[in-house]
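Below you'll find the structure, written out as structure tokens, and then a few comments.
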2 protein chains.
Amino acid sequence: MSDRTETATLREFNRTWTQRVGVLEESFLGTGRPLNVARLLFEIGPDGAGVRELRDRLDLDSGYLTRLLRRLTDDGLVELRPDPADRRRRLATLTPAGRASWRELDERSEELAARLVAPLTPRQRGRLIEALATANLLVRAATTALREVGPDDPVAREAAGRYFAELDRRFPGGFDPGVPDHEGRFLVATSAGRPVAYGGVRPLPDGSAEIKRMWVDDAWRGAGLGSRMLRELEALAVRRGHGRVVLDTNRTLVEAIAMYERAGYSPVERYNDNPYAQAWFAKVLT
Amino acid sequence: MSDRTETATLREFNRTWTQRVGVLEESFLGTGRPLNVARLLFEIGPDGAGVRELRDRLDLDSGYLTRLLRRLTDDGLVELRPDPADRRRRLATLTPAGRASWRELDERSEELAARLVAPLTPRQRGRLIEALATANLLVRAATTALREVGPDDPVAREAAGRYFAELDRRFPGGFDPGVPDHEGRFLVATSAGRPVAYGGVRPLPDGSAEIKRMWVDDAWRGAGLGSRMLRELEALAVRRGHGRVVLDTNRTLVEAIAMYERAGYSPVERYNDNPYAQAWFAKVLT
DNA sequence: ACCATTCTCTGACTATGGTCAGAGGATGTC
DNA sequence: GACATCCTCTGACCATAGTCAGAGAATGGT
């Protein structure tokens, strides 16, 4: 019903943004250098970057990227050297001249942003920035894919570490993960290669699946990533043949409990001997 | 002070949007047809459009536009015919096949928007849409230029008409503009050729300038356009050699009065015999 | 009737963006 | 040490984007 006005608002905004900001940006950043060359220079950044990594980030053909890099090296802005760790790869770093160009790009971009909001009153400026921050979070959350991984995937391990660390901070008596357990399938959402949301399912002897280790990075909360993780974990459990999911949690985790209830979970009796668990929930999957 | 975090938020959002939405959009709309051709087709729309108008809206070189149009006419999607009102101009309209292609583009764009928000919960979706609507309004307001025109400019006349109509609606006894007055300089903000904000200054015998006919379109309120109009009218008064501005208003217009007070105006005695005026303000310009 | 101006269109270019196949060196695995 | 794979780079292309000068028809003002 309101679907149509929702998409209309989104499309209208997109039109405004690309027309008023995107165009401005191109004319700003593109001075002197072709747009893709400028973007590449910007992406390499003061700390340098691997060529392979740049290819992924900018989604460019390898041959094309090589040629773009050539222009930058010819202009004396960038230096390429083999990666000592893997000599098939090359690392790109900015020369002093390159750093100067980078700073100039950065300043232009900063100036563009400042100029864009300048006509607004401070009050309206505040409203705009707040709206953009909200939209940024939600758009990122909406466009971040949940990837299925095993428990020993490096990203999964990093996420688990951060999950345990948070429990240790929040539980009054701390938290001890005990012996690592290599069972189950996990979903992770990543941003720039780092995990921002994580969760898993494990089969139980009675045929249910247990949802475990649900975790969302602080900076990504409030965007519905947790609910989405829960939904997709349930779908994963269904795919693996389970008709019912259970989970346990600690009374400290109030937001989590509220979310389980919103998602249709009902309290059940203790089904395990997890010493940290104080509440148990279950939901039948259709 | 908070300037730096403001621009950082804006830049961060821009990065997210262009990366996650812009790229998606190009791959979506660009299927089969080059991006600019698709955009042009979309811009012509079911109602058709003048070639001159398209050139302005898309900001294209006239030669380039002609060639883009050629591809559309060659493919049987668009028909060009001379404008009966001015035979130098040409009008572009979609053929039935063109309308079908247009609809397809429209549906794809709609689908893209729906898909983007699909992973969000209804609650988060609502928040996103609200944030985008706010941002849309504010960005448009911030990037709309105020143009100086004379009182007889067609856009100024249209704006004046809407201003008078609104007074007539809001004043208990209606409003009669009386004899049109061709004095003063005006500022208008336009969107797609229609006025969305309007206001003027007129020299008074005592050397002050009078601010008059301040008006902002309903759909554009709440974005600070009024304050900006006021500021720029003051600047216009200064440029024309005035050191003080005055204005009168009606008690009905409560938002306007609040804005004048925020902008540093102080109440003064009645300085004219305007029968609709119930409050008078002045501000000394530096 | 003249003149400056406007609009569209053509020709002639150049630059930018993007693709593909394959060479050649480096790496990891069995 | 053989083999599949990965990474970078080159050559050979082609499409798209964008610019500029000017021709030719139409218009508006004087």
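Hydrogens, waters and symmetry mates are skipped; everything else that's a heavy atom, side chains included, is used.
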**Request:** Verify the contact: side-chain N or O of B/Arg87 to OP1 or OP2 of C/dT8, cut-off strictly under 4.0 Å; return yes or no.
**Result:** no
**Pairing of B/Asp75 and B/Arg33 as salt bridge, 4.0 angstrom limit** = yes
**Fill in**
In whole angstroms, the gap separating P of D/dA25 from CG of B/Asp86 amounts to 16 Å
**Prompt:** Within less than 4.0 Å of OP1 or OP2 of C/dC9, is there a side-chain N or O belonging to B/Arg88?
**Reply:** no
**Item:** Interatomic distance, B/Arg33 CZ vs D/dT16 P [rounded to whole Å]
**Value:** 11 Å
**Message:** What is the distance, to the nearest angstrom, from the CG atom on A/Leu40 to the P atom on C/dG17?
**Reply:** 11 Å
**Message:** Can you tell me if A/Arg99 has over 12 outside heavy atoms packed within less than 6.0 Å of its CZ?
**Reply:** yes
**Asked** Salt bridge check: are B/Arg67 and B/Asp61 linked by an N-O gap of less than 4.0 Å?
**Response** no
**Request:** Would you kindly give the CZ-to-P distance between A/Arg70 and D/dT8, to the nearest whole Å?
**Result:** 16 Å
**Terminal axis angle for the helix from C/dA1-D/dT30 to C/dC30-D/dG1, five pairs an end, nearest 10 degrees** = 30°
**Item:** Electrostatic pair B/Glu53-B/Arg89, nearest N-O below 4.0 angstrom
**Value:** no
**Asked** Phosphate oxygens OP1/OP2 of C/dG25: is one of them under 4.0 Å from a side-chain N or O of A/Arg89?
**Response** no
**Request:** Return the 5'-most residue of the pair A/Arg71, B/Leu80 with respect to DNA chain C, ranking by each residue's nearest nucleotide.
**Result:** B/Leu80
**Message:** As a quick check of understanding, evaluate salt bridge (charged side-chain N to carboxylate O under 4.0 Å, His left out) for A/Arg162 and A/Glu158, giving each step before the final call.
**Reply:** CA-CA 6 Å; A/Arg162 299 191 53 191; A/Glu158 184 182 344; 5.0 Å; no
**Item:** Residue A/Leu35, side-chain atoms from C-beta onward, closest of C/dT10, C/dG17, D/dC9
**Value:** C/dG17
**Asked** Which of parallel (below 30°), tilted (30 to 60°) and perpendicular (above 60°) describes A/Phe13 and B/Phe13?
**Response** perpendicular
**Complete:** Of the listed C/dG18, C/dC9, D/dC7, the closest approach to the A/Arg52 side chain comes from D/dC7
**Message:** Rounded to whole Å, how long is the line connecting atom CG of B/Asp59 with atom C1' of D/dT19?
**Reply:** 13 Å
**Item:** Nearest-nucleotide comparison on DNA chain C, the residue closer to the 5′ end among A/Leu68 and B/Gly63
**Value:** B/Gly63
**Request:** Starting from C1' on C/dG18, measure out to CG on A/Leu69 and report it in whole angstrom.
**Result:** 16 Å
**Request:** Report the distance from atom CZ of A/Arg70 to atom CG of A/Leu65, rounding to the nearest 0.5 Å.
**Result:** 13.0 Å
**Message:** I need the CZ-C1' distance between B/Arg67 and D/dT19, as an integer number of Å.
**Reply:** 10 Å
**Atom-to-atom span, CG of A/Leu60 to C1' of C/dG18 - whole angstrom** = 9 Å
**Prompt:** Which nucleotide sits closest to the side chain of A/Thr66: C/dT8, D/dA17, D/dT10?
**Reply:** D/dT10
**Asked** Taking the side chain of B/Val51 as heavy atoms from C-beta outward, which of C/dG17, C/dT8, C/dC20 is closest to it?
**Response** C/dT8
